[in-house]
Amino acid sequence: MDNKNEKLKVFIDAVNDEIDVEVSRILADAEERRKAVLAEAESFSAAETVKINGSASLKNGSIYLRDVSKAELNMKKSVIEHRDELADTVFDAVEKKLAEFRKDQKYVNLLIKNLLLMHVSDNSEIFLSPDDMKYADTLKKAIPSCNAEFLPDEKIRLGGLSVYNAEKGIISDKTFDSAVEEQRRVFTEKNVFAE
């Protein structure tokens, strides 16, 4: 049994570098798109400001101030809508890249790597997307001494896995869904207006 675990460890170590490079590339692509989206939103905002200031300077008094305030509000709303559209474009592209990655053996290797790092126990429930249940037998072989149960989870759309350890009452989440959601939250927080 130790020889099997040793071979599995050697196999996993051999593919870890390749998996890490692929995941890093996907994250780097997402970061580049985030920067491009931010630059486009800033450019859009600057152009709107110039347009608003040009037309507003023709008016005077309280009408001018009211119109400027209303225009600034409309500009911020437009920029936020534009930013959200661009964010959707970025994250749609990330989801497509993840879908492509899930077709590769590197994805299965990543599932195995994450599973081994999660210290699964006999009473654990391992959740996969329904589409990934086809990998359950392969994943079971990666943890032969453990009698964990593999279950489909409709909430996992993008891939990855989560483990519920009933003994400890802990859920370990290594799903792409959670990672993408976290990146979307960070993207939104980094790209809001400073009031």
Which residues share a salt bridge (charged side-chain N to carboxylate O under 4.0 Å, His left out) with [X], sequence neighbours left out:
{"X": "Asp177", "result": "none"}
{"X": "Glu81", "result": "none"}
{"X": "Asp131", "result": "none"}

(request) Show which residues join Leu151 in its hydrophobic cluster (side-chain heavy-atom contacts under 4.5 Å, direct or indirect), or state none. (result) Phe127, Ile156, Tyr164, Ile171
(request) Output the rest of the hydrophobic cluster of Ile170: all Ile, Leu, Val, Met, Phe, Trp and Tyr residues reachable through side-chain heavy-atom contacts under 4.5 Å, sorted by chain and number. (result) none
Do the side chains of [Y] and [X] get nearer than 4.5 Å, heavy atoms only?
{"X": "Asp88", "Y": "Arg184", "result": "yes"}
{"X": "Ile126", "Y": "Val120", "result": "yes"}
{"X": "Lys113", "Y": "Leu117", "result": "yes"}

(request) With rounding to the nearest 0.5 Å, note down the distance linking CG in Leu139 to CE in Met133. (result) 9.5 Å
Partner set under side-chain hydrogen bond (donor to acceptor under 3.5 Å, both in side chains) for [X], not counting sequence neighbours:
{"X": "Ser162", "value": "none"}
{"X": "Asp173", "value": "Thr175, Ser178"}
{"X": "Glu182", "value": "Arg185"}

(request) Indicate yes or no: does Lys97 engage Asp92 in a salt bridge with an N to O separation below 4.0 Å. (result) no
Under the side chain to side chain contact (heavy atoms under 4.5 Å, CB included) rule, collect the residues that match up with [X], sequence neighbours excluded.
{"X": "Glu95", "value": "Arg157, Leu158, Val180"}
{"X": "Thr138", "value": "Val108, Ile112"}
{"X": "Asp84", "value": "Ile80"}
{"X": "Lys155", "value": "Asp153"}

Looking only at heavy atoms, what is the nearest atom pair of [X] and [Y], with distance?
{"X": "Pro130", "Y": "Glu154", "value": "CG-OE2, 3.5 Å"}
{"X": "Ala148", "Y": "Ser121", "value": "CB-O, 3.8 Å"}
{"X": "Arg102", "Y": "Phe176", "value": "CG-CE1, 4.4 Å"}

(request) Over 60° means perpendicular and under 30° means parallel, so classify the ring planes of Tyr135 and Tyr107, tilted if in between. (result) perpendicular
(message) Using a 3.5 Å distance criterion without hydrogens, assess whether the side chain of Asn165 forms a donor-acceptor pair with backbone atoms of Lys168.
(response) yes
(message) Looking at Asn147, is its backbone amide N or carbonyl O close enough to the side chain of Asp122 to form a donor-acceptor pair, meaning the two atoms are under 3.5 Å apart?
(response) yes
